[in-house]
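Along the sequence shown, residues are numbered consecutively beginning with 1.
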Amino acid sequence: MFRGNRTGLRHKEAGVKAGDKRIVTADGLTGAYLSFAFNLFAIENSRRLDDLLLHRLKHPEKFQGALHEIFVEATCLRGGFEIEKEDEGDRATRHAEFTATHRATGERFSVEAKSKHRPGVLGQAGVAQPHEKLRLTYGSLINDAVAKNPKHPLVIFLDTNLPFRSAHHVYGNNPEAPSRYITELCKRICNEHGGKSPFVMLALTNIPHHYAAAHEKDPPKQFHSMMTEHPDTSKGKALTALCNAIPLDGNIPNEFPVP
């Protein structure tokens, strides 16, 4: 599902002795593989990896959604949350992906993971489009998450799935402040829901490993989170912990302690 070169890592073999450490530059394929594997490890290590999720990963049409959900689950775990999956067998109502409970505060949130599909990308049918034709519409994905009428305050993780050279159209050039596009998107969603935000947090992410060409350096990621709760409140503290966990994706330790 990921596009890139087979070797993954670029390094010099000449003069390298057995047991020596060496610095290598990861390309997009390697960055995707390592982040994906470490997120799977984080979920399995907490005994949350289930057969349904693994089944979805094996099917091209379901891979993208499962990949993003794995990122979201691992992020919640890194943020100090416990995860409880919704009952997918209950067809009487729609469900969010899972309920996340912050261990430090006890605050509970319904977490929904949405990922923008693009033709020819991450297993989707069709031919990849040049960046000039990219659709930057995300309101329908947000409204679909809200329509599930979750049991707890709603947190939405929205993967914008943009080529890294086009991401500035959504994220702007200042990572500390919301871009005009994000501000207008949130304002429009509020207006559509009676002037009140239907979510307590919207986390926009762009992790474009798969857009790197063969041998191209792993491209930069973009993240931006919008919270409606004040950081000093109990909910705000839990959401802040979640926000702080998002950029940790791909921060893989060089060594693991031996149990």
Side-chain angles (χ1 to χ4, degrees), residues 65 68-69 71-86 93-116 136-162 167-207 221-249:
H68 183 49
E69 186 175 331
F71 159 76
V72 173
E73 284 194 36
T75 297
C76 289
L77 291 170
R78 283 191 280 266
F81 287 78
E82 294 180 352
I83 291 173
E84 180 183 352
K85 291 290 186 71
E86 298 281 344
T93 184
R94 299 181 70 195
H95 302 276
E97 256 65 59
F98 53 83
T99 296
T101 303
H102 191 226
R103 288 192 290 268
T105 65
E107 295 289 348
R108 307 186 80 191
F109 303 97
S110 293
V111 179
E112 180 71 4
K114 292 292 184 182
S115 184
K116 180 72 172 181
L136 303 179
T137 53
Y138 303 102
S140 61
L141 291 173
I142 296 173
N143 286 329
D144 183 71
V146 174
K148 293 186 176 182
N149 193 25
K151 297 183 293 185
H152 309 290
L154 178 63
V155 172
I156 303 175
F157 280 81
L158 175 57
D159 166 37
T160 54
N161 188 20
L162 287 164
H168 68 278
H169 292 301
V170 169
Y171 293 87
N173 298 316
N174 183 2
E176 301 299 324
S179 68
R180 180 179 177 181
Y181 176 89
I182 294 175
T183 300
E184 291 180 352
L185 173 64
C186 291
K187 185 183 298 184
R188 186 167 65 251
I189 295 297
C190 286
N191 290 338
E192 292 174 359
H193 293 84
K196 183 179 179 181
S197 175
F199 49 78
V200 292
M201 186 174 110
L202 172 65
L204 296 174
T205 63
N206 200 62
I207 307 175
K221 308 171 188 176
Q222 288 83 21
F223 309 104
H224 193 84
S225 300
M226 302 283 285
M227 289 170 40
T228 63
E229 294 286 333
H230 194 278
D232 291 337
T233 65
S234 182
K235 279 192 181 69
K237 290 178 181 177
L239 292 173
T240 299
L242 188 54
C243 287
N244 291 339
I246 294 173
L248 299 179
D249 179 64

Of the non-hydrogen atoms in Ala203 and Ile246, which two are nearest, and what is the gap between them?
CB-CD1, 3.7 Å

Output side-chain donor-acceptor pairs under 3.5 Å for residues 235-245, partner residues at least two apart or in another chain, one line each.
residue, atom, partner, partner atom, Å
Thr240, OG1, Gly236, O, 2.7
Asn244, ND2, Thr240, O, 3.3

Should the pair Lys85-Glu73 be classified as a salt bridge under the 4.0 Å nitrogen-to-oxygen rule?
yes

State the CD1-CD1 distance between Ile142 and Ile156, to the nearest 0.5 angstrom.
6.0 Å

Give a yes or no on whether the backbone of Tyr181 and the side-chain of His169 come within a donor-acceptor separation of less than 3.5 Å.
no

Between Arg180 and Glu184 (salt bridge meaning N to carboxylate O under 4.0 Å), is one present in this structure?
yes

Where Glu97 and Ala113 come nearest, the two heavy atoms and their spacing
OE1-N, 2.7 Å

If you define the side chain from C-beta out and look only at heavy atoms, does anything of Ser110 sit under 4.5 Å from Val155?
no

Quick one: does Asn143's side chain get under 4.5 Å of Glu192's, heavy atoms only?
yes

Enter the distance from Ser197:OG to Met227:CE here, rounded to the nearest 0.5 Å.
11.5 Å

Hey, mind stepping through Asp249 and Ile207 against side chain to side chain contact (heavy atoms under 4.5 Å, CB included) and telling me if it holds?
CA-CA 9 Å; Asp249 179 64; Ile207 307 175; 3.7 Å; yes

Please report the interatomic distance CD1(Ile182) to CG(Leu204), rounded to the nearest 0.5 Å.
5.0 Å

Taking C-beta and beyond as the side chain, do Thr99 and Ile83 meet within less than 4.5 Å on heavy atoms?
no

With the side chain counted from C-beta on, respond yes when Thr205 and Phe71 share a heavy-atom pair under 4.5 Å apart, and no when they do not.
yes

Does Asp144 form a side chain to side chain contact (heavy atoms under 4.5 Å, CB included) with Arg94? I'd like the steps, not just the answer.
CA-CA 10 Å; Asp144 183 71; Arg94 299 181 70 195; 3.0 Å; yes

Please list all pairs meeting side-chain hydrogen bond (donor to acceptor under 3.5 Å, both in side chains) that have one or both residues in residues 148-161, counting only residues at least two apart or in different chains.
Glu112-Lys148, Ser115-Asp159, Thr160-Tyr171, Thr160-Asn206, Asn161-His210, Asn161-Tyr211

Of all residues at least two apart in sequence or in a different chain, which pass the ring pair (Phe, Tyr, Trp, His ring centres under 6.0 Å) check with Phe81?
His102

Is there a side-chain contact between Met226 and Pro178 (heavy atoms, below 4.5 Å)?
yes

Test log, rule side chain to side chain contact (heavy atoms under 4.5 Å, CB included), inputs Arg103 and Glu82
CA-CA 7 Å; Arg103 288 192 290 268; Glu82 294 180 352; 3.5 Å; yes

List the atom of Glu229, the atom of Thr233, and the distance in Å for their closest heavy-atom pair.
OE1-OG1, 3.8 Å

Distance from Leu158 atom CG to Lys114 atom NZ, nearest 0.5 Å?
9.5 Å

Pairwise side-chain contact, Phe109 with Leu154, heavy-atom cut-off 4.5 Å (strictly under)
no

State, yes or no, whether a side-chain contact exists between Leu136 and Val170 at a heavy-atom distance under 4.5 Å.
yes

Could you check whether any side-chain heavy atom of Arg108 comes within less than 4.5 Å of a side-chain heavy atom of Glu84, counting everything from C-beta outward?
yes

Nearest 0.5 angstrom please: Cys186 SG to Leu202 CG, how far?
5.0 Å

Rounded distance [0.5 Å steps], NZ in Lys221 versus CZ in Phe223
5.0 Å

